[in-house]
Amino acid sequence: MAEMTQTFLREQLVHRRGRLQSVIATRRAGNGLVELLSEVDSALERMENGTYGICEVCHETVEAERLIVDPLMRYCLDHLTREQQRALEQDLQLAAEMQRELLPRQGLKHHGWEIAYHYQPLGPVSGDYCDVITRNSDGDGLLFVLGDASGKGVAASMLMAHLHAIFRTLVATGLPVHELVRQAGRVFCETTMSPYFATLVCGRATASGEVEICNAGHCPPLLVRGPEVTSLEATGLPLGMFCDGGYSARRLTLAPGDTLFLYTDGVSECRSESHEEYGEERLARAVAEGRSLPLEALVRTTMNHLADFRGGAPVLDDLAVMAVRRGV
Ligand SMILES: [Zn+2]
């Protein structure tokens, strides 16, 4: 461990020992504090004899960032005690609940538009970003976003929450979609560590059926017009790659009954038992077959189609799809 980190942690521990001793001296403290004091003493002793920050099971170094959060940590992530594992699981459950709260309402209808989605984290939390923002104050209609933060698990879910906050804040500016994505990209880039990025599709749908759509390096959304399904290629790079990437938006007019179908790569790159990839074409066929169904049923049958294809093969990524339909 870096010497600076160890010096910092020693100061922290000495400070905490002082606080503990003064509380224990009041004699109103429970036994727990006395035990805690002996743990602090033991950590300081380990610092003296050079065994501090080493896992007691495998003798590998304990992750420095975990020691900074809890300087009494004696096990690496792989060798937590059952109690510590339970605490970690509870944290994850709480994070999952918070993430669910960030999702849009199901069955949303606004200004003649209908939205249905399916959101399926691989673990407790997901790196997929799914949002619908409606503002009643103007005739803007609604803004929909489906994206995918790089990586998986907790780190990706934090990026997802970050994107959620960025878009929720920027949407109030009323900027055109491509400008909104550019600004979001700049904030994301300035506030996110460099190897991370996110792809997304952002669209704004108005009451008259116009859709302005911008695709930042994401899987091409499918446009369903009658029996015809076409895909809308990316018009820009993922967010976070360059702080000032330019974006353009495509304008479409959707007739009543037309549907836009957005998905993350967890869907298109899903593999079957024989390692075959699901792929965009298969997805487009499934969506075309289900196009006359009510929107929620379309989402459900598409996900069932994917599950049938996957068979017994494991799910390896977060999954999300969103269908946006102009009502008839
Ligand atoms: Zn270990």
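Just so you know, ligand 1 is whichever comes first in the structure, and atom 1 is the first atom listed for that ligand. Bear in mind the structure is a predicted one, so any value in this text is a computation, not a measurement. Sequence positions, counted from 1, serve as the residue numbers for this chain. No hydrogens, no waters, no symmetry mates; every other heavy atom, side chains included, goes into these values.
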Under 3.5 Å, is there a donor-acceptor pair linking the side chains of Gln12 and Arg16?
yes
With Tyr119, which residues qualify under ring-ring contact (aromatic ring centres under 6.0 Å, His included), at least two apart?
none
Count, waters excluded, of protein N, O or S atoms under 2.8 Å from the Zn ion (ligand 1):
4
With sequence neighbours excluded, what pairs up with His305 under the ring-ring contact (aromatic ring centres under 6.0 Å, His included) test?
Tyr278
Check ion pair Glu56-Arg74 (N to O, under 4.0 angstrom)
yes
Hey, is Arg225 close enough to Asp258 for a salt bridge, meaning N to O under 4.0 Å?
yes
Sequence-distant partners of Asp91, salt bridge (Lys or Arg N to Asp or Glu O under 4.0 Å), two or more places apart
none
